[in-house]
2 protein chains.
Amino acid sequence: MFSNSSKYAIKAVLFLAVHSHENHRIMVKDIAKPINVPQAYLAKLLQALSRHNIISSKKGPKGGFYLSEENNQHTLMDVISVIDGDDRFNTCLLSLEKCNANKPCPLHDLASPSRSIFLKSLSENTIKNFSRQIEKGEVFLPL
Amino acid sequence: MFSNSSKYAIKAVLFLAVHSHENHRIMVKDIAKPINVPQAYLAKLLQALSRHNIISSKKGPKGGFYLSEENNQHTLMDVISVIDGDDRFNTCLLSLEKCNANKPCPLHDLASPSRSIFLKSLSENTIKNFSRQIEKGEVFLPL
DNA sequence: TTTAAAATATGACAAAAATCATATTTAGGA
DNA sequence: TCCTAAATATGATTTTTGTCATATTTTAAA
Ligand code: FES
Ligand code: FES
């Protein structure tokens, strides 16, 4: 469903959402460890996110990554788009040219309803929203 | 969601379901062409499916692949299991050790309901079932 | 019984995804 | 100003996935 890279990126962003602030930045190694992701690889992912303004960063001593208030308004779909590109979810399950309801493949009706509900929540819930759920203890961040 | 290999395998099996019989076997090249899959690659996939008794085959002249009545009772999940292995769908979206409702990751509640509905239909609908839908013109097999 | 048509087995090769390594740039603090 | 701590840029390596090629086995039909 998600690429490994996306999973890592999502975990990292949610971790930052909960633990970082404008003036409390966290460096790669202190993110990589708790979310259990190879540090050098995560660094690359975070750099890509930063380049696309999904997360913020500061170089040098006392530097690190963090989420600004603006960053917090992004969605997980934004994260996925940066890491995996845009059309991972807009294609037919069997790679039919154009997935549509008029000429559905055998899996379309099976998958499409639940799929669109899921995608909708991915692209409508803000990061902030997720971090609130985590803080309330409704959901949990994995090791 | 599905690997490329699974997509190919599913397309081929559904093609066989509609076009083959016990005594009308179809050879690889006549499957590969219409479903638009590299022939040599498809051959490998079909051989794997045949080895696991998901589809049937006969060697030699007039030979080829086909679905027996028994084969028709299998599910697409069976196909996927042979090609991609078993635990592609039984894992947490964020690769949490054990995906459960007690300690859900942030995506669990978002995805889990729709996901289980989808998986259920994959493992409960028989191939036969799908081919009926295709024959009725309710759904379509892609090129 | 020979021939040719098919699947099967096996492995080489290519492309993509994931991982690791290292040199460069920026900025805080002594 | 200089040193050091951090991100950044770049690219090499490894692993997985997808693709291609070829020799072997089976079997129908002449
Ligand atoms: S047509 Fe295949 S998923 Fe929509
Ligand atoms: S805990 Fe992550 S999907 Fe269930």
Side-chain angles (χ1 to χ4, degrees), chain A residues 1-12 16 20 23-33 35-68 71 80 82-85 87-88 94-95, chain B residues 1-13 16 20 22-33 35-68 71 80 82-85 87-88 94-95:
Chain A
M1 174 79 107
F2 299 127
S3 72
N4 237 325
S5 298
S6 285
K7 289 184 189 177
Y8 291 171
I10 290 174
K11 290 209 271 182
L16 283 174
S20 81
N23 43 23
H24 176 237
R25 300 181 274 272
I26 311 184
M27 31 185 196
V28 202
K29 70 163 179 235
D30 293 329
I31 306 171
K33 183 92 66 71
I35 67 174
N36 198 34
V37 168
Q39 169 173 344
Y41 191 25
L42 183 61
K44 203 172 237 187
L45 296 173
L46 291 178
Q47 283 162 28
L49 291 173
S50 166
R51 217 177 307 125
H52 287 82
N53 293 107
I54 306 295
I55 67 177
S56 305
S57 69
K58 185 140 205 210
K59 280 183 177 183
K62 291 277 166 188
F65 294 93
Y66 64 99
L67 261 57
S68 67
N71 294 149
I80 296 166
V82 166
I83 302 297
D84 281 347
D87 36 49
R88 191 178 184 92
L94 297 180
S95 299
Chain B
M1 175 80 107
F2 299 126
S3 72
N4 237 324
S5 298
S6 285
K7 288 183 189 177
Y8 292 170
I10 290 173
K11 290 208 274 182
V13 168
L16 284 174
S20 81
E22 193 94 29
N23 43 22
H24 177 237
R25 300 181 273 272
I26 310 184
M27 32 185 195
V28 201
K29 70 163 179 235
D30 294 329
I31 306 171
K33 184 92 67 72
I35 67 175
N36 199 34
V37 168
Q39 170 174 343
Y41 191 23
L42 183 60
K44 202 171 239 186
L45 297 173
L46 292 178
Q47 284 161 29
L49 292 173
S50 165
R51 218 177 306 125
H52 287 82
N53 293 107
I54 306 295
I55 68 177
S56 305
S57 68
K58 183 139 205 211
K59 282 183 177 182
K62 291 278 165 188
F65 294 94
Y66 65 99
L67 261 58
S68 67
N71 293 149
I80 296 166
V82 166
I83 301 298
D84 281 348
D87 35 49
R88 190 177 184 92
L94 297 180
S95 300

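Residue numbers start from 1 in every chain, and the chains themselves are labelled A, B, ... in the order their sequence lines are given, proteins ahead of strands.
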Under 3.5 Å, which protein N or O atoms sit close to an N or O of nucleotides 15-20 of chain C? Give each pair with its distance.
unit_1, atom_1, unit_2, atom_2, d
C:dA18, OP1, A:N4, N, 3.1
C:dA18, OP2, A:S5, OG, 3.0
C:dT19, OP2, A:Y8, OH, 3.3

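- Atom CG of residue B:N4 and atom CD1 of residue B:I83 lie 12.0 Å apart, to the nearest 0.5 angstrom.
- Separating the CG atom of A:L42 from the C1' atom of D:dA7 is a distance of 12 Å, rounded to the nearest angstrom.
- Nucleotide D:dA9 holds its P atom 14 Å from the CG atom of A:L45, rounded to whole Å.
- Distances shorter than 4.0 Å separate some side-chain N or O of B:S57 from OP1 or OP2 on C:dT8.
- Taking the side-chain hydrogen bond (donor to acceptor under 3.5 Å, both in side chains) definition, one finds that B:K7 meets it with A:S95, sequence neighbours left out.
- Remark: A:D84 pairs with A:S3, A:S6 by the side-chain hydrogen bond (donor to acceptor under 3.5 Å, both in side chains) rule, at least two apart or across chains.
- When distances run from any side-chain atom of A:M27 to the nucleotides C:dA7, D:dA7, D:dT8, the shortest one goes to D:dA7.
- At whole-Å resolution of the value, NE2 in A:H52 and P in D:dT8 are 13 Å apart.
- Residues forming a side chain to side chain contact (heavy atoms under 4.5 Å, CB included) with B:K29 (at least two apart in sequence, or on another chain): B:M27, B:Q39.
- Taking NZ from B:K62 and CG from B:N23, the interatomic distance works out to 11.5 Å, rounded to the nearest 0.5 Å.
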With the criterion being N/O to N/O and under 3.5 Å, what pairs connect the protein with nucleotides 27-30 of chain C, and how long is each?
unit_1, atom_1, unit_2, atom_2, d
C:dG28, OP1, A:K58, NZ, 2.9

If you look only at distance, which donor and acceptor atoms sit under 3.5 Å apart when one is on a side chain in residues 40-56 of chain B and the other is two or more places apart or in another chain?
unit_1, atom_1, unit_2, atom_2, d
B:Y41, OH, B:S5, OG, 2.4
B:S50, OG, B:S57, OG, 3.4
B:H52, ND1, B:A48, O, 2.9
B:S56, OG, B:N71, OD1, 2.5

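- Summarising the geometry, the separation between CG on A:D30 and P on D:dA5 is reported as 14 Å, rounded to the nearest angstrom.
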